[in-house]
Structure formats: C-alpha cells, structure tokens
Amino acid sequence: MPKEVSDEVLDIKMEADIINARVKAKALAEAVGFDYMDQTRIATAVSELARNALEHAGGGQMMMSPVTALGKRGLQITVADHGPGIKNLEAALKGGYSTKGGLGLGLSGSKRLMDVFLINTETGKGTVVTAKKWVTK
Amino acid sequence: MENSIPILKSGKCLIASPQVALHDKLAIQFKGNLLEKIVQTKVKGLVLDLSAIDVVDSFLVRQIAEIASSARIMGAEVVVVGLRPAVALTLVEMGISLLGVQVARDLEKGLALFNRSWENSCPKK
Ligand SMILES: Nc1ncnc2c1ncn2[C@@H]1O[C@H](COP(=O)(O)OP(=O)(O)O)[C@@H](O)[C@H]1O
Ligand SMILES: [Mg+2]
C-alpha cells in the first residue's frame, strides 16, 4: 500500500451519514491508489448503498476495508442492515424497480460501478451487500 | 435561511451554483427555493452549475429532473452545466440519464443556448 490505510466502520442512521460515508470512501479509495474516475465510481456506489440501507431498511452499518489479492490492491465495501430484505432481488438487480417511487437504478447502477457485487438478503432478517473494486493500472 | 444556496438573477435568467454537497434535505430545500424564485422573478431560464459537485447519485438526479420538469410547467427552461467528466461517465455507466434535462459544457455555453432562443436576454458572460 502506498499509504497507511485502515478499515472504516460507520453507522448509517441518518442522512448526514450518507455524505460522511462517501467522503470517507473517496479518501480511502485515494489512499489505496484509485484514480479520480474510480474514486468517483466508488463514492457514488457507496452513496447508493448507504441510502438504500437508510431508506429501505431503517439504517445499517457500513465497513470499508482495503484488500489485496494476487498482487492486486482494492477496496471492499460491506453494507449490512436488519431491515425487511429485498423482496424481488432479480428485479432490483435488473434495474428500474423501486418500492419507494425512486428511480430504481441505485442497486443495478452500483453493481455496474464495482468489480464484485454480492447480495445476501433474507425476508424479515436483513440484507448484506458486499462490493469490491480493484485498482487497475 | 441557513445554509441556503445563492440563486442569482440576471436578465431573464437565474443562475445557481451549489458549492457544498447536496445532501438530501438541502437538495429538496434547494429545489423548493429555485421553483419559488422562478415564480417570483418570472424568468425564462435557469442555469444550474454543478461544477463543484463531485458525487451525483440517483437521488440527486431525480431532484434535478424534478426541478427541470416543474420549471418547464412554470414556463422556464433548465440547463445543467459544468458536470464533471467523472460524474457524467459514472451516471452513464449506471444507466442513468438526465431525462429530458438540457446539458451544456459550461456556464457560457449554457447562457449562449438561452440567448439563441430568446434574443440575448441573458448575460453574455
Ligand atoms: N437494503 C435494502 N433493504 C430492503 N430492500 C432494499 C434494500 N436495498 C434495495 N432494496 C429494494 O430494492 C429496490 C431497488 O433499489 P434501488 O435500485 O436502490 O432503487 P431505489 O432505492 O431508487 O428504490 C428498492 O426499491 C427496494 O425495494
Ligand atoms: Mg436506492
């Protein structure tokens, strides 16, 4: 790693936490070595995921961790909540589906911005989204 | 109004250039203020400069689209200028379009667009 970077764990309980999360994500992404374009992609995905946790699940927790694998550097974002779960995951990932009158492009859009995007959701229990992006040179 | 974003009037145009992150409540308040000012001043156009905004998510896109469609109903056109290339590309990659919102590269080009349609009624610079 070019700089000393450590994990960030954030509570997503109110609107201000969404801005806070993306500011932290951008700083962490820069420290890991992402260029400005990727910092913007990551901060935007973080904004969408944090908002979903707040809007659709009443809040949650976000963890951002620098990761390495096979000589690659990257950033892993995990957002966990104990909300109602995503009812129609297939539609939500396809895009254009919203249960709250939104654009319905947050989940599908953030998936496209990241390299790895996994969702674990269970009705009545909650949702965990794990997303990763690797630094490309 | 605390934290309100200045909205300037020149000729038949309003110009607004938010310099802080448009968090949800601020974005909604800003939308309300813009529409109120369009009614008050009876302008024909609104230039929204987003050059200082480094993250635009789907929520903000929706607010911008609502500003544009409401403004149109009240007889004013909206042009978004100064979108950062990284922001524009991110939105394209996400499959989000600025539905029906006019876009120009910068403030000057945005004003030029209006001047073309209304015979120089907006500032040249
Ligand atoms: N953390 C979550 N918990 C429960 N449901 C969710 C969560 N995230 C997304 N969803 C569901 O997936 C849908 C699509 O999400 P998204 O693409 O972000 O669109 P939007 O937030 O605009 O509705 C939401 O409307 C909601 O029904
Ligand atoms: Mg969403």
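Numbers restart at 1 for each chain; the letters A, B, ... are given by sequence-line order, proteins then strands. Please read these numbers as outputs of a predicted model, since none were measured by experiment.
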* Atom group of A/Lys26 that falls short of 4.5 Å from chain B, counting heavy atoms -> side chain
* Asked: Is A/Val46 linked to A/Leu107 within one hydrophobic cluster, defined over Ile, Leu, Val, Met, Phe, Trp and Tyr using a side-chain heavy-atom separation of less than 4.5 Å?
  -> yes
* Should the heavy atoms of other residues, nucleotides or ligands under 6.0 Å from NZ of B/Lys42 be counted, would the total exceed 12? -> no
* **Nearest atoms (heavy-atom pairs only) where A/Ile19 meets B/Ala21** => CD1-CB, 3.9 Å
* For the residue pair A/Ile18 and B/Asp24, establish whether any side-chain heavy-atom pair is separated by less than 4.5 Å. => yes
* Minimum heavy-atom separation for B/His23 to A/Glu15, with atom names? -> ND1-OE1, 3.8 Å
* To do: Flag yes if B/Val80 and B/Val56 sit in one hydrophobic cluster, no otherwise; membership is Ile, Leu, Val, Met, Phe, Trp, Tyr, and two members link when side-chain heavy atoms are under 4.5 Å apart.
  => yes
* Asked: Could you give the distance from CD1 (B/Ile96) to OG (A/Ser108), rounded to the nearest 0.5 Å?
  -> 7.5 Å
* **Sidechain-backbone polar pair: A/Glu48 side chain, B/Ser58 backbone, donor-acceptor under 3.5 Å** => yes
* Asked: In Å and rounded to the nearest 0.5 Å, what is the CE to NZ distance from A/Met14 to B/Lys25?
  -> 9.5 Å
* Largest heavy-atom contact set with chain B, pairs under 4.5 Å, which of A/Arg112, A/Arg51, A/Gln39, A/Lys111 -> A/Arg51
* Closest heavy-atom contact between B/Gly95 and A/Leu105? -> O-CD1, 3.8 Å
* Does B/Asp54 pair with A/Arg22 as a salt bridge, N-O distance under 4.0 Å? -> no
* To do: Grab the two heavy atoms, one from A/Leu103 and one from B/Val61, that are nearest each other, plus how far apart they are.
  => CD1-CG1, 4.0 Å
* Asked: So does A/Lys13 have more than 12 non-hydrogen atoms from other groups sitting under 6.0 Å from NZ?
  -> no
* **Hphob cluster co-occupancy, A/Val128 + A/Leu75, side-chain heavy atoms under 4.5 angstrom** => no
* Mind checking whether B/Ile28 and B/Val101 sit in one hydrophobic cluster, side chains of I, L, V, M, F, W, Y counted as touching below 4.5 Å? -> no
* Do B/Leu48 and B/Leu35 belong together in a cluster built from hydrophobic side chains that touch within less than 4.5 Å? -> yes
* Structure fact -> Rounded to the nearest 0.5 angstrom, the CG-CZ distance for B/Leu89 and A/Arg41 is 5.5 Å
* To do: May I ask you to check whether over 12 heavy atoms, not counting those of B/Gln40, lie within 6.0 Å of atom CD?
  => yes
